[in-house]
J.: 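Take this structure, written in structure tokens, and hold onto it; I'll ask about it next.
Any value given below was found using the heavy atoms of this structure, including those in side chains, with hydrogens, waters and symmetry copies removed.
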Amino acid sequence: MRLVEYTPEHFDLLHAAASRMASRNLRHRAFVNHYYASSPWCRLHLLVSSEDTVVGALGLERMPFRFGSQHVTIGFGTNYYSLEPGAGGFLFMHWMKNCDVGISFGGSPDAHHVIRSQRWPYFDGIGVYLLNKNYDVYAGDPAWKRTAKWLARYGTRRRIASYS
């Protein structure tokens with residue numbers, strides 16, 4: 001396996017794996033190229049197998065701060081996906097080696113297992129806000145419920161500009 005820093009030439013490789021990830025934004029070329037390939041502070045790292053398939057991804061936002069006279073880089077992980085066992089751990093180590101402090105919001109049960117095993121602190125009171133979150137449709141939902149969720153999803157959305 002090898003770690004590759006995303007460039008626009010890697011989009012087809014990423015797109016093939018993104019269908020297996022729970023992220024729609026990694027399937028959108030303009031977003032990925034703008035967010036991860038146009039700034040020195042934010043990069044997408046792809047873990048590529050020997051068969052040239054993406055088996056993991058980690059967006060890493062490096063935020064520089066100063067604490068007194070000391071420079072501190074805080075690394076915020078985004079689009080962190082592991083598609084094969086071991087890929088997540090490899091990407092996690094890359095994340096922690098490339099910044100002084102790591103911050104994680106949300107995450108899967110496996111990610112929280114790693115965080116707890118490292119005895120990292122949790123902080124209460126940090127809210128996660130989503131705009132236009134989808135109403136999830138489940139396999140056992142009756143037709144009337146799926147229809148109601150579709151109506152709610154498309155009938156209640158507001159553009160972010162309307163909140164200003």
J.: Heavy atoms, side chains only, cut-off 4.5 Å: are Tyr80 and Phe92 in contact?
T.: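 They are in contact (side-chain heavy atoms under 4.5 Å apart), so the answer is yes.
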J.: Any donor-acceptor pair under 3.5 Å linking the side-chain atoms of Tyr35 with those of Thr78?
T.: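 Distance-only check fails for Thr78 and Tyr35.
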J.: Identify the heavy atoms of Gly88 and Ser82 that sit nearest to each other, and give their distance.
T.: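 Looking at all heavy atoms of both residues, the closest pair is N-OG, 3.1 Å.
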J.: Once you round to the nearest 0.5 Å, how far does NE2 of His10 lie from CG of Asn33?
T.: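 Spacing of NE2 (His10) from CG (Asn33) equals 11.5 Å.
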J.: Which value, rounded to the nearest 0.5 Å, describes the distance between Arg24 atom CZ and Arg27 atom CZ?
T.: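 Arg24 atom CZ to Arg27 atom CZ measures 7.5 Å (nearest 0.5 Å).
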J.: Do Thr73 and Phe65 pass the side-chain contact (heavy atoms from CB on, under 4.5 Å) test, and can you show the C-alpha distance, the side-chain angles, and the key distance before you say yes or no?
T.: CA-CA 6 Å; Thr73 301; Phe65 288 90; over 6 Å; no
J.: Among the clusters formed by ILVMFWY side chains lying less than 4.5 Å apart, do Met1 and Phe90 turn up in the same one?
T.: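 Linked within one cluster.
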J.: Main chain of Leu58, side chain of Trp95: is a donor-acceptor contact present, judged purely on distance under 3.5 Å?
T.: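 Checking the backbone N and O of Leu58 against the side chain of Trp95, no donor-acceptor pair under 3.5 Å is found.
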J.: Below 4.5 Å, heavy atoms only, C-beta onward: do Phe76 and Met63 meet side chain to side chain?
T.: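 Result yes, sub-4.5 Å side-chain heavy-atom pair found.
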J.: Any side-chain heavy atom of Val32 within less than 4.5 Å of one from Leu14?
T.: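 Yes. Closest side-chain heavy atoms under 4.5 Å.
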J.: Is the NE2 atom of His28 crowded by more than 12 outside heavy atoms at less than 6.0 Å?
T.: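 Not buried by this count: 12 neighbours or fewer within 6.0 Å.
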J.: Between Asp12 and Arg29, is there a side-chain N and carboxylate O pair less than 4.0 Å apart?
T.: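 Yes.
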J.: Are any of the side-chain heavy atoms of Asp52 and Arg2 separated by less than 4.5 Å?
T.: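 The answer is yes; the side chains approach within 4.5 Å.
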J.: Evaluate Met21 against Leu83 for side-chain contact (heavy atoms from CB on, under 4.5 Å), listing each step before the verdict.
T.: CA-CA 8 Å; Met21 300 173 186; Leu83 299 175; 3.9 Å; yes
J.: Kindly give the heavy-atom pair with the smallest separation between Ala17 and Val54, and that separation in Å.
T.: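 Distance-wise, the nearest heavy atoms are CB-CB, 3.5 Å.
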J.: Check whether any side-chain N or O of Asp141 sits under 3.5 Å from a backbone N or O of Tyr138 as a donor-acceptor pair, and report yes or no.
T.: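 Side chain of Asp141 to backbone of Tyr138, a donor-acceptor pair under 3.5 Å: yes, one is there.
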J.: Given the rule in the side-chain contact (heavy atoms from CB on, under 4.5 Å) test, do Tyr36 and Leu26 qualify, once you have shown the distances and angles that lead to the verdict?
T.: CA-CA 10 Å; Tyr36 290 116; Leu26 292 181; 4.2 Å; yes
J.: Without hydrogens or angle criteria, can the side chains of Ser49 and Glu51 be said to hold a donor-acceptor pair below 3.5 Å?
T.: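 Yes, because at least one side-chain N or O of Ser49 sits under 3.5 Å from a partner of the opposite role on Glu51.
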J.: Please answer: with hydrophobic residues joined when any side-chain heavy atoms are less than 4.5 Å apart, are Leu13 and Leu3 in the same cluster?
T.: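 No, it is not one cluster - the side chains of Leu13 and Leu3 are not joined through contacts under 4.5 Å.
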J.: Could you tell me if Tyr122 and His112 have a donor-acceptor pair between their side chains, going purely by distance under 3.5 Å?
T.: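 Indeed, the side chains of His112 and Tyr122 share at least one donor-acceptor pair under 3.5 Å.
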J.: Show, in sequence, the C-alpha distance, side-chain angles and deciding distance for Asp136 and Arg153, and conclude whether the salt bridge (Lys or Arg N to Asp or Glu O under 4.0 Å) test is met.
T.: CA-CA 9 Å; Asp136 294 326; Arg153 186 170 38 250; over 6 Å; no
J.: For the atom pair CE (Met96) and CH2 (Trp120), what is the distance rounded to the nearest 0.5 Å?
T.: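 One finds 4.0 Å between CE of Met96 and CH2 of Trp120.
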J.: Could you measure the distance from the OH atom of Tyr135 to the CG atom of Leu151? Nearest 0.5 Å is fine.
T.: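 Interatomic distance, Tyr135 OH to Leu151 CG, rounded to 0.5 Å: 11.5 Å.
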J.: Is Val4 reachable from Tyr6 through a run of hydrophobic residues whose side-chain heavy atoms are each under 4.5 Å from the next?
T.: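 Same cluster: Tyr6 reaches Val4 through Ile, Leu, Val, Met, Phe, Trp or Tyr contacts under 4.5 Å.
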J.: Quick one, Thr53 with Val48, criterion side-chain contact (heavy atoms from CB on, under 4.5 Å). Give me CA distance, side-chain angles, the key distance, then yes/no.
T.: CA-CA 5 Å; Thr53 61; Val48 180; over 6 Å; no
J.: Decide yes or no for Leu44 and Glu5: does some side-chain heavy atom of the first lie under 4.5 Å from some side-chain heavy atom of the second?
T.: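 In short, these two side chains do not touch, never coming nearer than 4.5 Å.
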J.: If you take all heavy atoms of Phe31 and Asn25, which pair is closest and at what distance?
T.: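 In terms of heavy atoms, the two residues are closest at CD2-O, 3.3 Å.
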J.: If I compare all heavy atoms of Leu91 with all of Tyr81, which pair ends up nearest, and what's the gap?
T.: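 Smallest interatomic distance, heavy atoms only, reads CD1-O, 3.7 Å.
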J.: Ignoring hydrogens, what is the shortest heavy-atom contact between Arg43 and Pro40? Give both atom names and the distance.
T.: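 Looking at all heavy atoms of both residues, the shortest contact is NH2-CA, 3.8 Å.
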J.: Mind listing the closest non-hydrogen atom pair of Ala57 and Leu46 along with its distance?
T.: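 Heavy atoms of Ala57 and Leu46 come nearest at CB-CD2, 4.1 Å.
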